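Bear in mind that the values here come from a model prediction, so they are computed numbers and not experimental data.
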Amino acid sequence: MSKLKIYDSMQCKKVLFEPIDPKNIRVYACGPTVYDYAHIGNARMAVVFDTLVRLLRELYGKVTYVSNITDIDDKIIERSKKEKESVLSITNKFFKIYNDDMEMLNVMKPDYQPKATEFVEKMISAISKLEEKKFAYQAEGNIMFDVSKFNIYGSLSSRKREEQIAGRRVKVASFKKNPEDFVLWKPSKDGEPAWDSPWGPGRPGWHTECFVMATEILSTPFDIHGGGLDLKFPHHENELAQSCCYSGNLDKKNSYAKYWMHNGFVTVDSEKMSKSLGNISLVKDFLKLYDGEVLRLALLSAHYRSPLNWSEQVLSQSKNRITKYKKILEEHKNLSMIDDVKGNLIVHQIEEALLDDINISKSLSVLDANVKDMHKKDETEKKNIIQAIKYLGKIIGVFSNGITATLKNEEKLFNEEEINLLIKKRNEARKNKDFDLADNIRKELIEMGIEIKDQSNETIWKKV
RNA sequence: GGCUCGGUGGCAGAGUGGUUAUGCAGCGGAUUGCAAAUCCGUCUACGGCGGUUCGAUUCCGUUCCGAGCCUCCA
């Protein structure tokens with residue numbers, strides 16, 4: 001049995017992960033609202049939880065991973081009005097873009113990717129039940145969740161209601177009994193998407209969808225609930241409140257999800273990447289400049305709970321690493337490998353690091369240390385190293401082949417025949433010790449944007 | 001005001017009550033027609049102040065600094 005330790009945001013400490021059902025680990029992570037291009041912050045969440053799921057699959061076999069898509073929301077409606085484009089057309093478009101971008105980052109599709117609009121009926125019945133149980137009240141056509149009925153509200157984000165400054169950033173609606181009350185159902189205005197309900201045509205509040213979809217698809221309690229740190233409060237807190245009240249587990253804060261995990265923010269110049277600051281980087285823009293794997297490794301380069309400062313430097317560092325390991329894999333592709341990982345000490349060390357709350361940096365350093373003097377190793381040791389690279393690569397989703405295609409495509413933009421001819425001429429010159437000519441050809445190639453390297457028996461070239 | 005999380009060498013980033021993290025960059029050397037790659041060697045560190053201890057970067061206290069949340073957010 002594995003000894004995975006994860007940091008549980010509810011308990012605020014690292015704890016041993018003990019699955020509810022080891023035969024099927026159930027994970028839910030809050031996905032994006034699809035009204036704009038995926039940004040690096042969206043990508044970090046997707047990559048972090050994809051990596052977690054990959055690790056859990058390695059350890060336990062079956063994992064059911066759910067990550068939702070919010071496709072009905074005020075922000076989408078605003079966007080729709082602004083762009084004069086239907087809500088459906090916007091959400092379809094950005095849903096597809098999100099999945100395409102994530103695929104480029106080697107993010108495996110979740111087992112379920114439910115859309116909020118597919119669960120409106122279920123949400124209505126859940127809200128009705130909350131209303132019946134007196135956890136909700138009506139105010140100006142809205143159905144509000146009554147936070148005062150839930151004593152342990154705030155337990156996830158360790159905050160007391162009375163100590164908060166209400167309306168610190170967002171104005172508190174006047175019809176709320178308590179500032180923390182949140183909307184379960186709101187009436188739609190003319191022209192806005194609406195569903196029939198016992199409270200008239202309207203749409204669900206944001207916090208209801210995740211609780212309903214997680215409950216419907218995974219059933220409660222499930223193992224891990226995740227998302228970005230900014231969802232901890234109020235979104236996850238509100239999900240928890242609804243679930244506990246819905247199921248009647250009023251004091252059982254682990255009756256919804258057994259563990260909670262939150263990834264840290266992506267920052268720019270140490271400030272949170274956010275729309276209001278206008279420092280958002282889009283995944284699609286970086287995919288034009290870097291291999292998806294490079295972006296992925298960059299997103300994993302800091303521990304998942306720490307802030308990740310997004311910079312050219314982190315990208316070039318990741319690029320170096322990707323290139324280095326891909327090269328090693330390429331050079332040793334003829335080694336006959338066995339599948340069994342048992343007895344491979346390097347794999348064992350990597351696993352130890354990953355089991356400690358997914359310490360990817362440490363696991364990579366294990367590889368680095370072994371690769372350093374690889375040429376001195378015998379064949380068995382080399383096999384172990386290659387196996388370890390593949391093992392780690394599989395879990396963190398890098399060093400795979402295929403994505404290098406982007407680089408290859410770039411190379412096709414050049415006239416290969418011409419380059420090869422020049423290289424041939426230069427090598428002849430070198431053979432004849434006509435180094436002036438050889439150097440001139442090198443210069444010529446550099447002017448074309450081509451850098452050449454003489455290796456033992458061939459000259460290779462790449463775009464600068 | 002409340003609540004979180006941080007502060008490690010030029011940069012990124014782990015970790016540890018005593019002994020090299022690791023990578024990139026730098027420096028010295030080997031190799032090379034040159035260059036690159038590679039290899040060998042090597043320097044730079046734990047925010048401040050107290051305390052516990054034989055010994056603290058690590059534990060405790062305190063202080064300074066930074067980031068985030070307190071109903072838009074991944």
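Taking side-chain N and O atoms only, K372(A) has no distance below 4.0 Å to OP1 or OP2 of C40(B). Taking side-chain N and O atoms only, Y98(A) has no distance below 4.0 Å to OP1 or OP2 of A74(B). In terms of phosphate contacts, N309(A) brings no side-chain nitrogen or oxygen within less than 4.0 Å of OP1 or OP2 of A12(B). Taking 4.0 angstrom as the limit, K324(A) places none of its side-chain polar atoms (N or O) nearer than this to OP1 or OP2 of A37(B).
Comparing G51(B) with U58(B), their P atoms sit 14 Å apart, to the nearest whole Å. The same atom, P, is picked in C3(B) and in U62(B); the two are 13 Å apart, to the nearest Å. When the P atom is used for both C49(B) and U16(B), the distance is 24 Å, rounded to whole Å.
At a threshold of 4.0 angstrom between heavy atoms, the contacts of K431(A) with the nucleic acid are absent. Y7(A) comes within 4.0 angstrom of the backbone, heavy atoms only, and of no base. Nucleic acid contact class of T267(A) (heavy atoms, under 4.0 Å, all strands): none. Heavy atoms of G264(A) sit under 4.0 angstrom from at least one base atom. The residue L231(A) sits close only to the backbone: its heavy atoms come under 4.0 Å of sugar-phosphate atoms, none of a base. D181(A) comes within 4.0 angstrom of a base, heavy atoms only. Residue contacts for R161(A): at a heavy-atom cut-off of 4.0 Å it reaches no nucleic acid atom on any strand shown. D439(A) comes within 4.0 angstrom of a nucleotide base, judged by non-hydrogen atoms across all strands.
Across all strands shown, U4(B) is found opposite A67(B) as a Watson-Crick or G-U wobble partner, with both distances under 3.5 Å. Pairing for U42(B) is with G26(B), a Watson-Crick or G-U wobble pair whose two hydrogen-bonding atom distances lie under 3.5 Å. The nucleotide U58(B) finds no pairing partner, because no Watson-Crick or G-U wobble arrangement with both distances shorter than 3.5 Å includes it. Pairing partner, U52(B): none, since no Watson-Crick or wobble contact has both distances short of 3.5 Å. Pair check for A37(B) finds none; no Watson-Crick or G-U wobble contact set falls under 3.5 Å.
In this structure, Y304(A) atom OH and C5(B) atom P are separated by 13 Å, rounded to whole Å. Between W260(A) atom CH2 and C5(B) atom C1' the separation is 19 Å, expressed in whole Å. Distance CG (N238(A)) to P (C72(B)): 11 Å, rounded to an integer number of Å. Between the CG atom of D434(A) and the C1' atom of C34(B) there is a distance of 13 Å, rounded to whole Å. Here A67(B) presents its P atom at 16 Å from CG of L229(A), a figure rounded to the nearest Å.
Taking only side-chain atoms of D454(A), from C-beta outward, the nucleotide of G23(B), C34(B), C24(B) with the closest atom is C34(B). Listed candidates were A74(B), G23(B), G33(B). Nearest to the side chain of M45(A) is A74(B). Of the candidate nucleotides A21(B), G1(B), C39(B), A21(B) has the atom lying nearest to any side-chain atom of S365(A).
When only modelled atom types and interatomic distance are considered, N279(A) and E271(A) share no side-chain donor-acceptor pair under 3.5 Å.
For K284(A), the NZ atom sits in a packed shell: over 12 heavy atoms of surrounding residues, nucleotides or ligands are nearer than 6.0 Å. The local environment of NZ in K149(A) is crowded, with over 12 non-hydrogen atoms from other residues, nucleotides or ligands closer than 6.0 Å.
Using a cutoff of 4.0 Å between basic side-chain nitrogens and carboxylate oxygens, D50(A) and R54(A) are scored as salt-bridged. Ion pairing between K81(A) and E192(A) holds under the 4.0 Å rule for side-chain N and carboxylate O.
Scanning all heavy atoms of the two residues, the minimum distance from M45(A) to A29(A) falls at CE-CB, 3.6 Å.
Using cut-offs of 30° and 60° for the angle between ring planes, the H236(A) and H225(A) rings count as perpendicular.
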